[in-house]
Amino acid sequence: MSDNIEYREQLGMILQYIEEIGEKYGALRGHFKHERSADALPPPYYIQPGKPNRYGLRLYCIRLSNDIVVLLNGDLKTENNPEDCPNCRRHFRFANALARKLDEAIRAKDIILNGRELEMDEDFEVEL
């Protein structure tokens, strides 16, 4: 990732937004940009008044409930479609593959969401 000040500022805004979600709002759907099976931060531009709709930094995550978000990785998004972005493609694909596997495990009751906790057997593994 670039040392560019603008991107450090964007990272600071994303971290501030994560803190606000955790302390004030909860992980409500509208606070995330849904991207196939996974999600991304920052949220859509219309959730952030005064912020332009530009590519910028993306942090991929998986929103499991209003209380649980799995934070993953991200990078500087240079293309509108993350599949076309050399920086974000692998993070986007990983986030979506993991989101599908976690969803399957939750439906099969291999993982149980209990408030802010994930309950699973000690030997539970996700194979991608």
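All values below were derived from every heavy atom in this structure, side-chain atoms included, with hydrogens, water molecules and symmetry-related copies excluded. Worth saying up front: this structure is predicted, and the values here are computed from it rather than measured.
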Notebook entry, point to check: Taking a hydrophobic cluster as the set of Ile, Leu, Val, Met, Phe, Trp and Tyr residues connected by side-chain heavy atoms closer than 4.5 Å, whether directly or through intermediates, do Ile62 and Leu71 fall within one such cluster?
Noted result: no
Item checked: Joint cluster assignment, Tyr25 & Val69, ILVMFWY side-chain distance < 4.5 Å -> no
Which pairs would a plain distance check flag for residues 111-128, meaning a side-chain donor or acceptor within less than 3.5 Å of a matching protein atom at least two apart in sequence or in another chain?
from, atom 1, to, atom 2, distance (Å)
Asn114, ND2, Glu119, OE2, 2.5

Which heavy atom of [X] sits nearest a heavy atom of [Y], and at what distance?
X	Y	answer
Leu72	Leu98	CD2-CD2, 3.9 Å
Cys88	Arg58	SG-CB, 4.3 Å
His31	Gly26	CD2-O, 3.9 Å

Drop me the distance from [X]'s [atom1] to [Y]'s [atom2], to the nearest 0.5 angstrom.
X	Y	atom1	atom2	result
Asp103	Lys101	CG	NZ	11.5 Å
Leu102	Ile68	CG	CD1	10.5 Å
Leu15	Met13	CG	CE	10.5 Å
Arg89	Glu79	CZ	CD	9.0 Å

Would you indicate whether the side-chain heavy atoms of [Y] and [X] approach each other to under 4.5 Å?
X	Y	value
Ile106	Leu64	yes
Cys61	Val70	no
Leu59	Ile18	yes

Check: Charged N to carboxylate O under 4.0 angstrom, Arg93 versus Glu83?
Finding: yes
Next item on the list: List for me each residue that meets side-chain contact (heavy atoms from CB on, under 4.5 Å) alongside Asn66, sequence neighbours excluded, and say none if there are none.
Entry: Leu28, Arg63
Item checked: Contacts of Arg90 that satisfy salt bridge (Lys or Arg N to Asp or Glu O under 4.0 Å) - sequence neighbours left out -> none
Notebook entry, point to check: Step by step, would you call Tyr60 with Asp39 a side chain to side chain contact (heavy atoms under 4.5 Å, CB included)?
Noted result: CA-CA 6 Å; Tyr60 292 96; Asp39 297 285; over 6 Å; no
With no hydrogens and no angle check, is any side-chain donor or acceptor of [X] less than 3.5 Å from a backbone partner on [Y]?
X	Y	value
Gln10	Leu57	yes
Lys77	Asn80	yes
Asn96	Phe92	yes

